[in-house]
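Here the structure comes first, spelled out in structure tokens, and everything after it is commentary.
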Amino acid sequence: MTKAQEIIDYMESLRNEEQRQILMRFFKTAPGEYGYGDEFLGIKVPQTRAVVKMVGEEVALDEVRKLLTSPWHEVRLCGLLILVKRFERLSKKRLTDDEDAARRRDEIVRLYLEHAERANNWDLVDLSAPYILGHWLLLPTFYGGKTLGQHTDEKRKLVDELAASPNLWRQRMSMVCTWKTSQMGDPSWCMRYAEIHLHHPHDLMHKAVGWMLREMGKRVSMELLRGFLRRYAHEMPRTTLRYAIEKMSMEERREWMEKGKVI
């Protein structure tokens with residue numbers, strides 16, 4: 001299967017009505033909820049990953065684009081996971097400074113951001129943003145210049161635009177992508193976007209900020225996390241604080257929660 005329609009036809013053949021109803025409730029698709037209007041086939045993530053493995057590397061980016069515009073949640077996830085797999089292959093150590101690989105990585109990032117609003121639920125963002133956008137932030141790129149380089153200021157401007165977007169999913173991308181930058185040893189991206197989103201009104205962003213702070217502390221420095229908490233614990237949403245301190249001892253968690261907002 002190398003054509004979008006072939007992939008869609010196959011995934012539609014896997015439709016499971018009982019699982020579809022479960023997923024629509026789980027991902028909050030009722031009127032007024034954050035996933036309102038999304039449509040599911042009722043396919044579990046391991047099944048979608050199996051489709052990605054089946055189609056391999058032969059799907060052209062124009063065909064992936066068609067998957068990303070599908071009304072089916074699982075088909076869009078399939079398209080995103082194809083991009084993840086392709087980006088990871090182009091980011092192997094031996095290809096880090098390869099100019100052709102860098103251009104192809106940039107092409108994937110442009111396609112991903114062009115269709116960012118099609119990743120319109122937390123699972124679609126979380127399974128793609130760290131592995132495409134987050135990894136790209138620490139790799140050489142042609143983005144913002146004619147020569148291959150880090151172009152950090154241009155990358156930061158791009159993520160700042162995501163963070164400032166009125167779209168919740170673009171905002172979540174700007175935060176969740178920092179899982180990968182923290183994993184690779186750079187806490188600056190997490191700290192920047194945790195501050196930007198600290199007072200975000202949506203619970204999904206409270207969870208994302210706390211989760212990324214927790215991961216930064218675990219993978220880079222618990223002292224950096226504690227320093228951030230000393231500055232901001234008193235004004236953080238309690239959900240954010242609770243997520244951020246999950247890897248600490250029970251006694252330390254209790255101390256931080258006492259320093260947090262009462263409401």
Side-chain angles (χ1 to χ4, degrees), residues 1-11 14 41 43-70 72-145 148-151 154-155 158-159 162 169-170 172-174 176-184 186 189:
M1 293 186 294
T2 60
K3 299 294 185 182
Q5 194 56 54
E6 294 173 337
I7 296 169
I8 293 168
D9 290 345
Y10 176 73
M11 294 186 74
L14 301 176
L41 290 166
I43 302 174
K44 295 181 179 179
V45 172
Q47 291 176 285
T48 303
R49 289 193 182 277
V51 174
V52 174
K53 186 176 181 179
M54 187 188 310
V55 302
E57 298 287 335
E58 303 305 315
V59 184
L61 288 184
D62 281 346
E63 296 299 315
V64 177
R65 188 188 307 273
K66 295 174 185 175
L67 298 177
L68 297 178
T69 58
S70 170
W72 297 118
H73 184 103
E74 296 93 336
V75 172
R76 298 198 304 283
L77 176 58
C78 181
L80 292 168
L81 292 179
I82 290 171
L83 292 181
V84 167
K85 185 175 181 180
R86 190 163 300 176
F87 191 92
E88 289 177 342
R89 181 176 61 79
L90 292 167
S91 304
K92 292 183 182 299
K93 190 172 183 179
R94 62 182 174 82
L95 295 175
T96 297
D97 296 306
D98 182 90
E99 291 192 358
D100 179 64
R103 287 191 173 91
R104 293 167 70 186
R105 292 194 301 259
D106 289 351
E107 187 178 9
I108 290 170
V109 169
R110 282 193 293 269
L111 178 63
Y112 180 66
L113 294 176
E114 180 185 340
H115 293 86
E117 291 179 26
R118 302 302 295 160
N120 60 342
N121 215 308
W122 58 264
D123 63 318
L124 300 179
V125 172
D126 297 359
L127 290 172
S128 61
Y131 309 102
I132 299 174
L133 181 59
H135 198 171
W136 176 79
L137 291 176
L138 297 184
L139 290 172
T141 176
F142 284 98
Y143 183 83
L148 187 65
Q150 287 298 324
H151 301 297
E154 292 299 320
K155 291 176 181 175
L158 183 152
V159 185
L162 288 175
W169 309 115
R170 287 180 179 267
R172 188 172 173 99
M173 280 180 182
S174 72
V176 173
C177 75
T178 69
W179 181 89
K180 189 67 174 181
T181 54
S182 292
Q183 184 192 48
M184 296 173 73
D186 185 343
W189 298 91

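Source: prediction; values computed, not measured.
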ask   = What salt bridge (charged side-chain N to carboxylate O under 4.0 Å, His left out) pairs are there with at least one residue in residues 123-142, not counting sequence neighbours?
value = D126-R172
ask   = Can you tell me how far CH2 of W189 sits from NZ of K180, rounded to the nearest 0.5 angstrom?
value = 15.5 Å
query = Does the side chain to side chain donor-acceptor pair (under 3.5 Å) test come out yes or no for T181 and D186, once each step is laid out?
reply = CA-CA 5 Å; T181 54; D186 185 343; over 6 Å; no
key: Gap between atom SG of C177 and atom NE2 of H135 - 0.5 Å precision   = 12.5 Å
ask   = Less than 6.0 Å separating the ring centroids of Y112 and W136?
value = no
task = Check whether any side-chain heavy atom of I43 sits under 4.5 Å from a side-chain heavy atom of V51, and report yes or no.
result = no
Min side-chain heavy-atom separation L127-L80 under 4.5 Å = no
inquiry  = Taking side chain to side chain donor-acceptor pair (under 3.5 Å) as the cut-off, I'd like each qualifying pair that reaches into residues 79-93, sequence neighbours left out, listed once.
reply    = E57-R89
query = side-chain hydrogen bond (donor to acceptor under 3.5 Å, both in side chains) with E154: which residues, sequence neighbours excluded?
reply = none
request  = Please confirm whether the backbone N or O of A101 pairs with a side-chain atom of D98, one donor and one acceptor, at under 3.5 Å?
outcome  = yes
key: Donor-acceptor pair, side chain of R105 and main chain of P140, under 3.5 angstrom   = yes
key: Close side-chain approach of M11 and L41, heavy atoms under 4.5 Å   = yes
query = Between E63 and A4, is there a donor-acceptor pair closer than 3.5 Å when you use the side chain of the first and the backbone of the second?
reply = yes
message = So if I apply the side-chain contact (heavy atoms from CB on, under 4.5 Å) rule between I108 and each of L113, L83, V84, V64, which one comes out positive?
response = L83
